Structure formats: C-alpha cells, structure tokens
Amino acid sequence: MKKVIPIIVVILVIAALFLFQQHKNQEKEKKEGPLIIEQQSNCSNEKNKYYEDASGHIYYTHCLSKITLKKNKEELKDALAKDSGLWKEIISNAYYTVNYKDGGSKEYQWEQYKIVSCNTLNGDTSIHIGTSDLDTTSICE
C-alpha cells in the first residue's frame, strides 16, 4: 500500500501537467484565431471589397492582401461561398469582443487581426477584416 500512494501521486502530477499544457495550447490557438492574414505593404487603410455573400453582406478588407483558413489553408472567400455557417464559427471563437452602441455592431479581436461586423441603425451590415491596429472608430456607417 505504501508503494501505491507515490505512484498515484506521480500519475496525478503527470496528468495535471498534461492538462495544463493542453489548456495553454488552446489559449494560444484562441489568441491566434482561425485565420491566417497577409498584410499589404504601403497600406492606406482604405477598405477594399473582398466578397459578397448570397444574403448581400459585403466583406471588406483593410491592409490585407490574403486571408486563408488556418485549418485547411483555403482562401476565406472560397470557404464562405461553400459554407454559409462558417462565418458564425469564425466569430464565435474571438479572443476578445467589443459591442458598439450604434445598433448592434461588434468588434472581434485576435492577436494579428480584427473583424468588425456592422449592424447600425442606418442599415449598414458590412463586415470589415483588418490588422490588429485597424482604426475602427468610423468603419460602420
């Protein structure tokens, strides 16, 4: 019996370390987010139309030359065209979220990029994807 207790303690310590490392990896993945972005050089921070979905939502990019999904390296607009539920999956995994007081717009943040989903009283439902330093003060109209 005396030999069993140290073995159980060692097993519990190893299990705790494994779970801690797994949690740390999940937290890092959440900070990095589900997208891989490539920044434009010499960016003027103007919006560029990126994609328009079947329901009329227009996606704009700011200072980005390419956006791909981390899980399969597929271009975001191609993946959105195939899977209408993908957008909700992407924003549901935001590391940090800010709610605007303009009717329901939200800002979703990760380490490398931000996404602003407009929902203003004026009817702006556009979506903006940009670098983490994107100035979001007047994106939604």
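Since we're looking at a predicted model, the values are computed, not measured. Just the heavy atoms: all of them, side chains too, but no hydrogens, waters or symmetry mates, feed the values below.
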- [ ] Please find out if less than 6.0 Å separates the ring center of Y59 from that of W87.
- [x]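 Here the rings of W87 and Y59 have centres that are less than 6.0 Å from each other.
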- [ ] Take E32 and Q112 through the side chain to side chain contact (heavy atoms under 4.5 Å, CB included) test and state the conclusion after the steps.
- [x] CA-CA 7 Å; E32 291 176 355; Q112 301 293 318; over 6 Å; no
Find the distance between [atom1] ([X]) and [atom2] ([Y]) and round it off to the nearest 0.5 Å.
X    : Y    : atom1 : atom2 : value
I90  : S117 : CD1   : OG    : 12.0 Å
L86  : I91  : CG    : CD1   : 10.5 Å
L35  : K71  : CG    : NZ    : 10.5 Å
S126 : I139 : OG    : CD1   : 8.5 Å

Donor-acceptor contact present, side-chain [X] to main-chain [Y], <3.5 Å:
X    : Y    : value
W110 : N93  : yes
K114 : L134 : yes
T68  : E74  : no
D78  : A81  : no
Y108 : Y96  : no
T120 : E141 : yes
S105 : D102 : no
K70  : G33  : yes

- [ ] Mind listing the closest non-hydrogen atom pair of I37 and Y113 along with its distance?
- [x]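 For I37 and Y113, the tightest heavy-atom pair comes out as CD1-CB, 3.8 Å.
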- [ ] Identify the two heavy atoms, one from D83 and one from G85, that lie closest to each other, and give their separation to 0.1 Å.
- [x]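 Result for this residue pair: OD1-N, 3.0 Å.
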Sequence-distant partners of [X], side-chain hydrogen bond (donor to acceptor under 3.5 Å, both in side chains), two or more places apart:
X    : answer
N119 : none
N122 : none
N42  : none

Task: Derivation of the side chain to side chain contact (heavy atoms under 4.5 Å, CB included) call for C63 and Q39 - done: CA-CA 6 Å; C63 299; Q39 294 184 15; 5.7 Å; no
Open item on the list: Please evaluate residues L76 and L69 with respect to the criterion side chain to side chain contact (heavy atoms under 4.5 Å, CB included), reporting the C-alpha separation (whole Å), side-chain torsions for both, the decisive distance (0.1 Å), and the verdict.
Closed with: CA-CA 6 Å; L76 176 62; L69 292 174; 4.1 Å; yes
Task: K106, NZ: over 12 other non-hydrogen atoms inside 6.0 angstrom - done: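 Counting other residues, nucleotides and ligands, NZ of K106 stays at 12 neighbours or fewer.
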Open item on the list: For K73, I'd like to know if atom NZ has over 12 heavy atoms of other residues, nucleotides or ligands within 6.0 Å.
Closed with: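 Yes.
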- [ ] Can you run down the salt bridge (charged side-chain N to carboxylate O under 4.0 Å, His left out) pairs that involve residues 48-66, sequence neighbours left out, and say none if there aren't any?
- [x]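 Qualifying pairs, neighbours excluded: K49-E52.
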TODO: Would you please say whether a donor-acceptor pair under 3.5 Å links the side chains of E107 and Y100?
DONE: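 Checked: E107/Y100 side chains pair up, N/O donor to acceptor below 3.5 Å.
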TODO: Taking the side chain as every heavy atom from C-beta outward, state whether I36 and I67 have any atom pair closer than 4.5 Å.
DONE: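 Sidechains of I67 and I36: no contact.
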Task: Heavy-atom side-chain proximity of H62 to E46 below 4.5 angstrom - done: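 The answer is no, as the side chains (C-beta and beyond) never meet within the 4.5 Å cut-off.
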Open item on the list: Listing request: all disulfide bond (SG atoms under 2.5 Å apart) pairs with a residue in residues 75-141, at least two apart in sequence or in separate chains.
Closed with: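 Those involving residues 75-141 are C118-C140.
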Open item on the list: Please determine whether side chain to side chain contact (heavy atoms under 4.5 Å, CB included) holds for the pair I115 and I127, giving the CA-CA distance in whole Å, both sets of side-chain angles, and the decisive distance to 0.1 Å.
Closed with: CA-CA 7 Å; I115 296 173; I127 296 166; 4.0 Å; yes
TODO: Report the hydrophobic cluster partners of I58, with the cluster defined as I, L, V, M, F, W, Y residues connected by side-chain heavy atoms closer than 4.5 angstrom, directly or transitively.
DONE: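 Same cluster as I58: Y60.
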